[in-house]
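This report concerns only the one structure given below.
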Amino acid sequence: MAQDETKDVSARTAAGSTAAPLVVTGTVTSSRLDVRPGDVLVATEFSTVTCASAPLLTGELRRAGRRVRAGTLAELGVPVGEPVVAAGLRAALPGRPTAVVLTAGPANWNAGGNADYNADPDGSVGRAIEAWCAALGPRTVLLAEPRSFCAGVDRAIEIVERLLDRGPHPVYVRKEIVHNTHVVRDLAARGAVFVEELDEVPQGSTVVFSAHGVAPAVRRDAELRGLDVYDATCPLVSKVHAEVRRYAARGDRIYLIGHAGHEESEGTIGEAPERTVLVQTADDVAALPDGEGAASYVMQTTLGTDEADSVAAALHDRFPGIRGPGSDDICYATTNRQNAVREVAAEADLVLVVGSANSSNSVRLVERSVAEGTKSLLVEDLGDVPLGLLAGAGTIGVTAGASAAPALVDEIVVGLQALGPVRTQEVRVATETVTFGLPSGLGEPTG
Ligand code: SF4
């Protein structure tokens, strides 16, 4: 694509839409001192037009290795009198899919201009715009329901928020309060101090245990350090801990079906470390030594239901008479989100799962979609969605793991709407009404 273009991409006009897309691209100056030549400037607003697909372009360019800034023209320091910008502004219309991808030119060199300056030496800006154009078009978005925050995550976040509001002392949180980058970043910005272990917490401070639960040894350590503990362990994880204590008290050897290294598994094993063995697969079960006496098993709450069932079946085959939990350890939120995404994946060309890579239940949603034969991707937010995946994807399923905020899903839907007309349809498999109370001293949930 040429250096300075304000271009109608009418060939990509979405069926049913009268608005031809608008691409504004070229080399400009920026008044910002921290903008360097070659920086890509992506506008999030252009005149009265909101460029809601800007995060898609920003992500695409960052993955290509470009330094990118996103914001309004004022925030980017780009004068509206720049020729390419002025021409674009004359063509801008609300409702028109719009991409404004500018490149800071040589005037941003302290040493002055350079006539041979090439703003797109690797072609990444041109490729990103072409990918944006290819992704334009009408589509259907299937929203899996339930999705996003569960009762345990809501409670854990609220505990930290209430402690932060109460102040004034620092609020320490052992481990990520829930496995989501945005949640942790937002709480850290409000003053929460995330630590890996209690030896990082000053004596007598306030500390919150994460939703995944902790081993009794951690509780004892906190007591020795004189810490003021607030426990955000999900009550459904606490239920599994109680099962382990009960099975251990009757002398069983215990198998935990779970994932090695996951904080929930570590906390659960910590209830009876001398008699609990982690098994992840049916092959692990086959490799177990024979055991003496009674045996029981429990499960990590966020497993794939099919995966857990197959390992439980292998345990029953291997150790006839083994006893499992009275009711399924896999929690309602995990089960509902997996059932909903299965329905969505059966109809979709692509399933986007919002969540972090260390979120077990989010990763399981990707696996469940792939098991339906549907391409699926785990994304932290809209910026993680590769434009190339959207081209030709007429039906896109969207869901979110239990630790990912609903607003991130909204952002994805709005971003897709900026690429053409979108018909949204909710695919509901259950209605969740579960809520959990707060620890004493923090009041009742606010809703
Ligand atoms: S996913 Fe399930 S176990 Fe985990 S916090 Fe949510 S409700 Fe609790």
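Just so we're clear, the structure is a prediction, and the values are computed from it rather than from any experiment. Numbering of ligands and ligand atoms starts at 1, following listing order.
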**OP:** Hey, could you give me the OG/NE2 distance between Ser210 and His179, rounded to the nearest 0.5 Å?
**Re:** 6.5 Å
**OP:** Mark up the atoms of ligand 1 that fall under 4.0 Å of a heavy atom belonging to Cys234, in ascending order.
**Re:** 3 (S), 5 (S), 7 (S), 8 (Fe)
Original post:
Side chain or backbone of Ala211 under 4.0 Å from ligand 1, or both, or neither, by non-hydrogen atoms?
Top reply: neither
**OP:** Verify the distance test for Cys331 against atom 2 (Fe) of ligand 1: any N/O/S atom under 2.8 Å, yes or no.
**Re:** yes
**OP:** Look at the side chain of Arg62 and the backbone N and O of Val68, then say whether any donor-acceptor pair between them is shorter than 3.5 Å.
**Re:** yes
Original post:
Which heavy atom of the protein is the closest neighbour of atom 7 (S) of ligand 1, given with residue, atom name and distance?
Top reply: Cys150 SG, 3.6 Å
**OP:** Quick one: do Arg139 and Asp349 satisfy salt bridge (Lys or Arg N to Asp or Glu O under 4.0 Å)? Show the steps, please.
**Re:** CA-CA 11 Å; Arg139 51 176 52 93; Asp349 302 312; over 6 Å; no
Subject >> Closest approach of any protein heavy atom to atom 3 (S) of ligand 1, naming residue and atom >> reply: Thr301 OG1, 3.3 Å
**OP:** Compute both the distance and the angle, then confirm whether Arg162 meets the cation-pi test with Tyr230: under 6.0 Å from the six-membered ring centre, within 45 degrees of the axis.
**Re:** no
Original post:
Does Gly437 offer a backbone N or O that forms a donor-acceptor pair with the side chain of Arg155 under 3.5 Å?
Top reply: yes
